[in-house]
Amino acid sequence: MKTVNAREIARSLRVFTAERAPIGVTLGLALGLCAGPWAMAGGDGAALLRSVAVVFLVLVVLRIADDVRSLDHDRIASPERSLPAGRISMRPLVAGASVLFAAALLLSVPRASLALGLLALYYAGYYALGQQIPVVVRPVLVNAVFLTIPACVGLVGGDVRWRGVVMLGLFFWLSAVGHDYAHAVHAAGEGAAGVETCSRALGPRRAAGIGLACYAGGCAAGLLAVRGAPALGGGDWPLLFLVGLTALFAHVAYLQVRLIAHPSRARARRLYVSGFACFAVPSLLLGLDRLLGR
């Protein structure tokens, strides 16, 4: 069996991340996701940096796992990508993912390691089932990582406030699920032949409507999470979080309503960045609320 050397691993990771998980974007997303839970947990600066590093590594590993598992699908739907096109090989990429996950485990020691291990087992089971999982429930299951991020951040920081952990987890998870349903929308003639999608299975308007409902539920969970949080001074609402969430949800809801009215792949793509911003930016602003003592 051919061995994989460090140079191949590094090259595969470099090419893959540049295309599928740009470091700046993924690091920014990790910071946004960690800032809110960190503010709720009352951790210090070192805890925030460790949390961001762990979440960044986990997000990259899960992106690799998802692309490896959906390789046959991507050969039809996205043949231009480096992995399905053969510009990078699977074995060094998988080896690189293992190295990154080992680094995440090391950074999570001692309190969050068990949670990270359980998360790895969950995704191993999810990807082992593969095509047996109906396409319409995959967005619900594949985004489970977002449910766990607030708990992991709290564990790394040494303090877990479970009400905030649960509600912030729901905020992240429901928003990510809504993002996946909406982003998959396409008009009847736009889907790749032979590729099953949520839009095709549910109908594009229904898929977009489910996306909007998930975003609304996620935002409600976010508001419940932060109201009167003691680490934020115990006031009714953290101001920056509230303003950011209101503005971004209004923007995303506007895009979703237009998508429901006239489903198309082009309109769905406009939700890609805005959809992530709807939960990552308010979480980042929650961290700023704490730093500013609001």
Has [X] got a side-chain atom pairing as donor or acceptor with [Y]'s backbone, closer than 3.5 angstrom?
{"X": "S274", "Y": "L271", "answer": "no"}
{"X": "Y126", "Y": "I133", "answer": "no"}
{"X": "Y122", "Y": "V145", "answer": "no"}
{"X": "D74", "Y": "R81", "answer": "no"}
{"X": "W173", "Y": "V140", "answer": "yes"}
{"X": "E19", "Y": "S82", "answer": "yes"}
{"X": "R50", "Y": "L107", "answer": "yes"}
{"X": "R267", "Y": "R258", "answer": "yes"}
{"X": "T26", "Y": "I23", "answer": "no"}
{"X": "W38", "Y": "G154", "answer": "no"}

Any heavy-atom pair between the side chains of [Y] and [X] that's under 4.5 Å?
{"X": "L245", "Y": "L285", "answer": "no"}
{"X": "C198", "Y": "P139", "answer": "yes"}
{"X": "L27", "Y": "L31", "answer": "no"}
{"X": "P37", "Y": "C152", "answer": "no"}
{"X": "F279", "Y": "L248", "answer": "no"}
{"X": "T148", "Y": "L118", "answer": "no"}
{"X": "F172", "Y": "S283", "answer": "yes"}
{"X": "F16", "Y": "D67", "answer": "yes"}

So, for [X] and [Y], which heavy atoms are closest and what is the spacing to 0.1 Å?
{"X": "A115", "Y": "L155", "value": "CB-CD1, 4.2 Å"}
{"X": "D72", "Y": "R75", "value": "OD1-NH1, 3.0 Å"}
{"X": "S264", "Y": "L259", "value": "O-CD1, 3.7 Å"}
{"X": "S108", "Y": "V54", "value": "N-CG2, 4.1 Å"}
{"X": "F146", "Y": "A176", "value": "CD1-CB, 3.6 Å"}
{"X": "A21", "Y": "V60", "value": "CB-CG2, 4.5 Å"}

Problem - Test side-chain contact (heavy atoms from CB on, under 4.5 Å) applied to L223 and L242, step by step - result: CA-CA 8 Å; L223 291 172; L242 183 62; 3.7 Å; yes
Between [X] and [Y], is there shared hydrophobic-cluster membership here, with clusters defined by ILVMFWY side-chain heavy atoms closer than 4.5 Å?
{"X": "L100", "Y": "L49", "result": "no"}
{"X": "F56", "Y": "L105", "result": "yes"}
{"X": "M90", "Y": "I64", "result": "yes"}
{"X": "L57", "Y": "V109", "result": "no"}
{"X": "M40", "Y": "L291", "result": "yes"}

Problem - Verdict with reasoning, L239 to L292, per side-chain contact (heavy atoms from CB on, under 4.5 Å) - result: CA-CA 11 Å; L239 180 60; L292 295 172; over 6 Å; no
Exercise for the section: Determine whether more than 12 heavy atoms belonging to other residues, nucleotides or ligands lie under 6.0 Å from atom OH of Y254. Expected result: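 Result for OH/Y254: open.
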Rounded to the nearest 0.5 Å, what's the gap from [atom1] on [X] to [atom2] on [Y]? Could you check?
{"X": "D180", "Y": "I210", "atom1": "CG", "atom2": "CD1", "result": "12.5 Å"}
{"X": "S199", "Y": "R205", "atom1": "OG", "atom2": "CZ", "result": "10.5 Å"}
{"X": "R265", "Y": "T197", "atom1": "CZ", "atom2": "OG1", "result": "7.5 Å"}
{"X": "Y181", "Y": "Q256", "atom1": "OH", "atom2": "CD", "result": "13.0 Å"}
{"X": "L286", "Y": "L168", "atom1": "CG", "atom2": "CG", "result": "6.5 Å"}
{"X": "H186", "Y": "R200", "atom1": "NE2", "atom2": "CZ", "result": "5.0 Å"}

Exercise for the section: Verify side-chain contact (heavy atoms from CB on, under 4.5 Å) between V15 and R87, making sure each step is shown before the conclusion. Expected result: CA-CA 9 Å; V15 173; R87 290 190 293 274; 5.6 Å; no
Practice task
Evaluate the ring planes of F241 and F171, with Trp represented by its six-membered ring, and classify them as parallel (under 30°), tilted (30 to 60°) or perpendicular (over 60°).
Solution key: perpendicular
Exercise for the section: Quick one: do Y127 and D66 satisfy side-chain contact (heavy atoms from CB on, under 4.5 Å)? Show the steps, please. Expected result: CA-CA 8 Å; Y127 288 116; D66 193 61; 3.3 Å; yes
Practice task
Would you check if the distance from the ring center of Y215 to the ring center of H179 is below 6.0 Å?
Solution key: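 For Y215 and H179, the ring centres are not under 6.0 Å apart.
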